[in-house]
J.: 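Here's a structure for you.
When a residue number appears, it is its place in the shown sequence, counting from 1. Treat the numbers as computed from the prediction; the structure is a model and nothing was measured.
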Amino acid sequence: MFRKKTYDQKIYLFTLFLALSLFAIYLINTLRNNALWLDESFSIGIIKHSYADIVNITAIDVHPPLYYILYKFFFVVVSGLGLPFSAVIAGKLFSLGCFLILLLISLIIKKEFGSYSASIFVLMLIALPNIFYSAIDIRMYMLAMLTVTLTYISGYYIIKNNSPLWYLGLLIFGLLSSYTHYYACLACVFIYLIVLIDLVKLKRRLLPFILTSLVMIIAYLPWLVVLIRQFKTVSDGYWIPTLDQATIVSWFSFFLYPFKDSAQSFIFLLLIISTALISFVKMLRNHSSIQINYGMIGVLLPFLIIGLGYSVSVIDRPLYFDRYILPCIGVFALGYAVMMKAFTHNRIFKLVPIIVFSLTAIYTNIDIVKMETKRAAQAIVLEDELNDLGNQDDIIFENSQIQRTVSIMTNANTYLFEPGTSTLSHLVYNNVYDYTGYPMIDEALNNNHYVYFVPQEGSEQMVEFAYNGYQLTKIGSYQLEGYFFDIYNVSKE
């Protein structure tokens, strides 16, 4: 005989069904979407290299190598099984797989904290907009979110039952996080400190923790040298925006993107803040100290990371960007879900967050699917134009970001006007070069190869081409993400 489901269990089954339904929609949409943006083109470009080259290339980049290694391995396995997935589709599927595992962590939360907390955790994952964006992003953020969350869970169970198994989890998931993203590494440092403080407060043996920390440090030492060198390089020049009021506001509004500055964001944020405060007060009265600590600290962890990012940016120069909070969002969702145990004795209070978060999740994901469908259509239009180009044809760009993204979509050689292509781009992309002048164009045209030109808005080079006897014929207008550009066919008059 099956036991009758409790009220909380019914809520959990509903939220899990909603999350898996949205996951299925994303999966179907992903299988037909080859669209990508600049940073994703870097991910696709780098996995074309050997594993050793990936490590060497990332040593001069600003992210560790683990994500690219796992992504390449996944793509190799998928290709080896004969599945007809491009590198773009495989990359999106890899991130979706990490997201699915993150959803299934709710089963651990259900067992430890109850069905209602598990429901809130699931809803936070699908309602916070940038989590689902990351679930189809060919970048390391969903992997980092997963490993940091597992590190945090390991820390909780160490304090709860002091099992050696969870020390192993703290070590393995901490290392995976640290080799995935630097701000994931910083999050793990905070988690280790939290565990240490609790062990001291509980007067537990510190030897297992000390040994775990030593192994962690030794295992990370090879990359720590690289990190120090990268930090010095970044200090000399980097793309991150200047630290000002608008930048700082963007760090916090990132939680609510894409519906910031709207009624939805106000209701959503008001609900999170009010319920978190009420939960904290109730938990102080009614629940164990471990749950108080790990609920509240989980909610605070992203803000600790933002505070550290701000401090480093003030002391040295801007080294923090809004999406660097993503590795901590899973812990934020977990901490908030734990704190929401305070509502488990009132059915009306229980339903308010469930209804609001569910509607927010549906609204958010309709918006994301629309956006992805639009991106896919844009990519198809551009790919259709580029399909006829071979490795003897040339495309000349004035914008390096458009160049690098398009280079993944074509076999043609891509060239960039001054100030020139970066060393990193030359290493990552197989068909990215610097423009060398009109003789290069003449040689291509004399050999009956196509030459295309992609100018920036208001380009003076258009006049220069005409002055030097070239004719520019507009092929069409295109869009990639926020970039609008025209493509011209270059010929001799």
J.: Which value, rounded to the nearest 0.5 Å, describes the distance between H181 atom NE2 and C188 atom SG?
T.: 12.5 Å

J.: Is there a donor-acceptor pair under 3.5 Å between the side chain of R375 and the backbone N or O of M371?
T.: no

J.: Decide yes or no for F14 and S119: does some side-chain heavy atom of the first lie under 4.5 Å from some side-chain heavy atom of the second?
T.: no

J.: OH of Y157: more than 12 outside heavy atoms within 6.0 angstrom?
T.: yes

J.: If you take all heavy atoms of L36 and I408, which pair is closest and at what distance?
T.: CD1-CG2, 4.1 Å

J.: Are I329 and Y141 packed together at the side-chain level, in the sense that at least one heavy-atom pair is separated by less than 4.5 angstrom?
T.: no

J.: Does the side-chain hydrogen bond (donor to acceptor under 3.5 Å, both in side chains) test come out yes or no for S106 and Y12, once each step is laid out?
T.: CA-CA 9 Å; S106 65; Y12 174 67; 2.9 Å; yes

J.: Is the Y156 to F113 ring centre distance short of 6.0 Å?
T.: yes

J.: Within a strict 4.5 Å, meaning less than it, do heavy atoms of the Y435 and M440 side chains meet?
T.: yes

J.: Side-chain contact test, heavy atoms from C-beta onward, threshold under 4.5 Å: evaluate it for I126 versus F99 and give yes or no.
T.: yes

J.: If we ignore angles and hydrogens, is there a donor and acceptor under 3.5 Å between the side chains of Y192 and T212?
T.: no

J.: If you round to the nearest 0.5 Å, how far is OH of Y433 from OG1 of T414?
T.: 8.0 Å

J.: Of the non-hydrogen atoms in L416 and N399, which two are nearest, and what is the gap between them?
T.: CD1-C, 3.8 Å

J.: For residues Y152 and Y294, establish whether the separation of their ring centroids is below 6.0 Å.
T.: yes

J.: Taking the inter-plane angle between the rings of Y71 and F94 on a 0 to 90° scale, is it parallel (under 30°), tilted (30 to 60°) or perpendicular (over 60°)?
T.: parallel

J.: To the nearest 0.5 Å, how far apart are CD1 in I368 and CD1 in I25?
T.: 11.5 Å

J.: Testing the basics here: between G330 and F121, what is the closest heavy-atom pair and its distance to 0.1 Å?
T.: O-CE1, 3.7 Å

J.: In sequence, state the C-alpha distance, the side-chain angles, and the governing distance for L146 and L176, and then conclude on side-chain contact (heavy atoms from CB on, under 4.5 Å).
T.: CA-CA 10 Å; L146 172 62; L176 291 176; over 6 Å; no

J.: Taking atom types as modelled, is there a side-chain donor on E385 or Y452 under 3.5 Å from an acceptor on the other?
T.: yes

J.: Return the CZ to OH distance between F485 and Y478, rounded to the nearest 0.5 Å.
T.: 8.5 Å

J.: Looking at F73, I'd like to know if its CZ atom is crowded, meaning that more than 12 non-hydrogen atoms belonging to other residues, nucleotides or ligands lie closer than 6.0 Å.
T.: no

J.: Of all the heavy-atom pairs spanning G169 and S154, show the shortest one and how long it is.
T.: C-OG, 3.4 Å

J.: Any side-chain donor paired with an acceptor under 3.5 Å for S41 and Y429?
T.: yes

J.: Of all the heavy-atom pairs spanning D486 and P455, show the shortest one and how long it is.
T.: O-CD, 3.4 Å

J.: Are any of the side-chain nitrogens in K72 or D53 under 4.0 Å away from the carboxylate oxygens of its partner?
T.: no

J.: Quick one: does any side-chain atom of E40 pair with a main-chain N or O of I138 as donor and acceptor, under 3.5 Å?
T.: yes

J.: Where the side chain of S177 meets the backbone of A184, is there a donor-acceptor pair that is under 3.5 Å apart?
T.: no

J.: Within a strict 4.5 Å, meaning less than it, do heavy atoms of the I136 and L96 side chains meet?
T.: yes

J.: Has T410 got a side-chain atom pairing as donor or acceptor with S407's backbone, closer than 3.5 angstrom?
T.: no

J.: For the CG atom of L301 and the OG1 atom of T149, what is their distance to the nearest 0.5 Å?
T.: 9.5 Å

J.: Ignoring hydrogens and geometry, is there a side-chain-to-backbone donor-acceptor pair from T180 to Y67 under 3.5 Å?
T.: no

J.: Can you find a pair of side-chain heavy atoms, one from Y324 and one from I305, that are under 4.5 Å apart?
T.: no

J.: Say you draw a straight line from CE of M216 to CD1 of I218; how long is it, rounded to the nearest 0.5 Å?
T.: 12.0 Å

J.: Do N56 side-chain atoms and A52 backbone N/O form a donor-acceptor pair below 3.5 Å?
T.: yes

J.: Should L472 and V490 be marked as a side-chain contact (heavy atoms from CB on, under 4.5 Å) after you check the CA-CA gap, both sets of side-chain angles, and the distance that decides it?
T.: CA-CA 5 Å; L472 298 180; V490 181; 3.6 Å; yes

J.: Evaluate the side-chain proximity of N430 to H49: yes if any heavy-atom separation is below 4.5 Å, no if none is.
T.: yes

J.: Could you walk me through whether E398 and F453 pass the side-chain contact (heavy atoms from CB on, under 4.5 Å) check?
T.: CA-CA 8 Å; E398 288 193 305; F453 176 57; 4.0 Å; yes

J.: Report yes or no: do S134 and R139 form a side-chain donor-acceptor pair below 3.5 Å?
T.: no

J.: Please determine whether side-chain hydrogen bond (donor to acceptor under 3.5 Å, both in side chains) holds for the pair Y26 and N365, giving the CA-CA distance in whole Å, both sets of side-chain angles, and the decisive distance to 0.1 Å.
T.: CA-CA 9 Å; Y26 265 57; N365 289 278; 3.2 Å; yes

J.: More than 12 non-hydrogen atoms from neighbouring residues, nucleotides or ligands closer than 6.0 Å to CZ on F23, yes or no?
T.: yes

J.: When you measure from the side chain of N391 to the backbone of N411, do you find a donor-acceptor pair of N or O atoms at a distance under 3.5 Å?
T.: no

J.: A19 and V122: which non-hydrogen atoms are nearest, and at how many Å?
T.: CB-CG1, 3.5 Å

J.: Does the side chain of I44 reach to within under 4.5 Å of the side chain of V88, using non-hydrogen atoms?
T.: yes

J.: Verify side-chain contact (heavy atoms from CB on, under 4.5 Å) between K370 and I366, making sure each step is shown before the conclusion.
T.: CA-CA 6 Å; K370 284 181 179 178; I366 288 173; 3.8 Å; yes

J.: Step through it carefully: locate the ring centre of Y220, locate the ring centre of Y179, and say whether they are under 6.0 Å apart.
T.: yes

J.: Are any side-chain N or O atoms of S117 and backbone N or O atoms of A337, one a donor and one an acceptor, separated by less than 3.5 Å?
T.: yes

J.: Backbone N or O of V381 within a donor-acceptor pair of the D384 side chain at under 3.5 Å?
T.: no

